[in-house]
Amino acid sequence: MSLPAAAITLFASSLPAFADLKLCNRMSYVVEAAIGIDEKSATATRGWFRIDPAACRVVAQGALTADRILLNARALGVYGASPIPQNGSDTLCVAPENFVIAAARQCRGNQTPAPFTQITPTRTDDGNLVAYLAEDSEYDDEQARLAGIQRLLVIAGYDAAPIDGVDGPKTQAALAAFLKSRGLAADNVQSPNFFTTMIEAVQKPSPTGLTWCNDTPHKIMAAVATDDGKAVTSRGWYRIDPGKCLHPDVTGQPRQVYSFAEAVDGENRAIKYRDKPLNWGGPKELCTRESKFEVSEQGDCGTRGLAATGFAPVDMSSGGKTLRFAMP
């Protein structure tokens, strides 16, 4: 998926934190956030707090006294590589699932280091503190919610592009088709659980387009490539959690689709099974890189600082294909 550049914008003030702390999401992505509380040389972290577009979530209650408040935020795996820059100046420990870590500068067990950014939230009229997560597009709440719906519609295979937070006939037609396919009434769009409904739809096999399903106990990172007759474009990485499915963004009617997937551990290192990397690919060598990528020129991958990776052709003649990744 080609993701726009996005950044965490945190509207700041110099007020100390003595009330409930809220995070508000003005991005077009459902995000998971973790916070760090730094006080008197002791640092604790807690997460993950899921926040839908245009929603707010209290992440710390009561009299919060802290020398510093820090934040790490990530997009859900359905979006592929996270569009949120992870370049904070502090490295603190997090865990895969919901967690509270009292001493978060020395990781233990299944904890992993993650970059955190210091924030200074704004005090609101009700006495609470709030920090906003925002994209370069600077959506307001209404635009962020609509852009979030547009983004998930595109991932689910409906033509709701461009993802701009602007309503129009194209978005409405795509949304109506999605609701009809799921047997949902129009008023479901206003439901507080609508993003959950959409994400569940994206994570189910589809009769059209390409679907990846992860039947292993490991996280899988996948890449897709399309040949439109003029050029072959490869892009990734898409994160597929255990037991989940995902539809990569394959638009138009390409002549050929290719797929590559690899099981990785918590630090994104390739997992080996019987001394061989646990991956699913084929003979078609295409260019990839370790971080998020979209490459339209194939060949000479190594001389351009890229890796030559073996992709497998996918038979899309029936209109839809589900690839299930399982242990050998």
Side-chain angles (χ1 to χ4, degrees), residues 1-7 74-75 77-87 112 114-115 154-155 157 161 209-214 216 218-241 244-317 321-328:
M1 188 189 338
S2 178
L3 294 170
R74 65 186 188 186
V78 297
Y79 300 109
S82 179
I84 304 174
Q86 302 294 338
N87 53 1
T112 56
V154 169
I155 296 173
L210 174 62
T211 303
W212 289 311
C213 289
N214 181 0
T216 80
H218 308 291
K219 178 175 69 174
I220 285 177
M221 301 301 287
V224 67
T226 54
D227 182 352
D228 64 3
K230 297 179 181 178
V232 179
T233 300
S234 56
R235 58 184 179 273
W237 296 96
Y238 299 83
R239 187 179 84 226
I240 315 167
D241 293 323
K244 301 295 185 180
C245 296
L246 179 67
H247 308 294
D249 182 16
V250 178
T251 58
Q253 294 181 323
R255 291 186 178 182
Q256 181 64 62
V257 175
Y258 300 92
S259 170
F260 174 81
E262 184 170 48
V264 298
D265 62 15
E267 297 182 6
N268 289 329
R269 295 174 300 192
I271 288 175
K272 290 189 176 182
Y273 180 81
R274 294 179 179 175
D275 296 327
K276 294 182 179 180
L278 183 57
N279 59 34
W280 299 264
K284 182 69 171 180
E285 286 200 347
L286 300 173
C287 298
T288 65
R289 64 163 53 97
E290 289 187 3
S291 57
K292 184 181 71 174
F293 69 91
E294 181 168 343
V295 180
S296 297
E297 294 183 11
Q298 307 299 328
D300 297 325
C301 302
T303 60
R304 294 187 289 138
L306 304 171
T309 302
F311 282 65
V314 182
D315 181 6
M316 304 290 292
S317 59
K321 182 69 174 182
T322 298
L323 299 179
R324 307 199 75 97
F325 307 126
M327 298 299 294

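The model shown is predicted, which means the values in this text are computed figures rather than measured ones. What's counted below: heavy atoms across the whole structure, side chains too, no hydrogens, waters or symmetry copies.
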Novice: When you measure from the side chain of Glu262 to the backbone N and O of Ile220, does any donor-acceptor pair fall under 3.5 Å?
Specialist: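 Not a single qualifying donor-acceptor pair exists.
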
Novice: What closest approach, in Å, do Leu286 and Ala225 show between heavy atoms, and which atom pair accounts for it?
Specialist: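 Heavy-atom minimum between the residues: CD1-CB, 3.4 Å.
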
Novice: What closest approach, in Å, do Met221 and Val264 show between heavy atoms, and which atom pair accounts for it?
Specialist: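 Looking at all heavy atoms of both residues, the shortest contact is CG-CG2, 3.8 Å.
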
Novice: Please identify each residue that fulfils side chain to side chain contact (heavy atoms under 4.5 Å, CB included) with Arg274, with sequence neighbours left out.
Specialist: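 Per chain and number, Arg274 pairs via side chain to side chain contact (heavy atoms under 4.5 Å, CB included) with no residue.
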
Novice: Closest approach of Ala161 and Val154, non-hydrogen atoms and distance?
Specialist: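 Residues Ala161 and Val154, closest heavy atoms: N-CG2, 3.9 Å.
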
Novice: How close do Thr216 and Phe325 get, counting heavy atoms only, and between which atoms?
Specialist: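 Closest approach of Thr216 to Phe325: CG2-O, 3.4 Å.
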
Novice: Is a side-chain donor or acceptor of Asp300 paired with a backbone partner of Arg304 at a separation under 3.5 angstrom?
Specialist: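 Judged by distance alone, no pair lies under 3.5 Å.
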
Novice: Between Thr233 and Ser296, is there a side-chain heavy-atom distance shorter than 4.5 Å?
Specialist: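 SC-SC contact between Ser296 and Thr233 confirmed.
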
Novice: How long is the span from the CG atom in Asp315 to the CG atom in Leu323, to the nearest 0.5 Å?
Specialist: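 Rounded to the nearest 0.5 Å, the CG-CG separation comes out at 10.5 Å.
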
Novice: Between Asn214 and Lys219, does any side-chain donor sit less than 3.5 Å from a side-chain acceptor?
Specialist: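 No, no side-chain donor-acceptor contact under 3.5 Å.
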
Novice: When you compare the side chain of Trp280 with that of Ser259, does any pair of heavy atoms fall below 4.5 Å?
Specialist: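 The answer is no, as the side chains (C-beta and beyond) never meet within the 4.5 Å cut-off.
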
Novice: For Cys245 and Thr211, work out which heavy atoms get closest and say how close.
Specialist: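 Smallest heavy-atom distance, with atoms named: CB-CG2, 4.0 Å.
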
Novice: Can you list everything that forms a side chain to side chain contact (heavy atoms under 4.5 Å, CB included) with Ala223? Sequence neighbours excluded, please.
Specialist: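 Residues passing side chain to side chain contact (heavy atoms under 4.5 Å, CB included) with Ala223: Trp237, Phe293, Phe311.
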
Novice: Determine, step by step, whether Arg269 and Asp265 satisfy the salt bridge (Lys or Arg N to Asp or Glu O under 4.0 Å) criterion, reporting the C-alpha distance in whole Å, the side-chain angles of both residues, the deciding distance to 0.1 Å, and the verdict.
Specialist: CA-CA 5 Å; Arg269 295 174 300 192; Asp265 62 15; 2.9 Å; yes

Novice: Under the disulfide (SG to SG under 2.5 Å) definition, can you give me all pairs with a residue in residues 257-289, not counting sequence neighbours?
Specialist: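 Checked against disulfide (SG to SG under 2.5 Å) - neighbours excluded - the pairs reaching residues 257-289 are Cys287-Cys301.
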
Novice: Tell me the closest heavy-atom pair linking Val314 and Gln256, and the distance in Å.
Specialist: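 Taking Val314 first and Gln256 second, the nearest heavy atoms are O-NE2, 3.0 Å.
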
Novice: From Arg74 CZ over to Arg239 CZ, what is the distance, rounded to the nearest 0.5 angstrom?
Specialist: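 CZ of Arg239 is found 5.5 Å from CZ of Arg74.
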
Novice: Are a donor atom and an acceptor atom from the side chains of Glu267 and Thr112 found within less than 3.5 Å of each other?
Specialist: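 Per modelled atom types, Glu267 and Thr112 side chains form no pair under 3.5 Å.
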
Novice: Answer whether the closest heavy-atom distance between the side chains of Leu278 and Met327 falls below 4.5 Å.
Specialist: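 Touching, per the 4.5 Å side-chain cut-off.
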
Novice: Can you tell me how far apart CD (Glu285) and OG (Ser234) are? Round to the nearest 0.5 Å.
Specialist: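 Going from the CD atom of Glu285 to the OG atom of Ser234 covers 12.0 Å.
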
Novice: With side-chain contact (heavy atoms from CB on, under 4.5 Å) as the criterion, how do Val295 and Thr288 come out once you've worked through the C-alpha distance, each side chain's angles and the decisive distance to 0.1 Å?
Specialist: CA-CA 7 Å; Val295 180; Thr288 65; over 6 Å; no

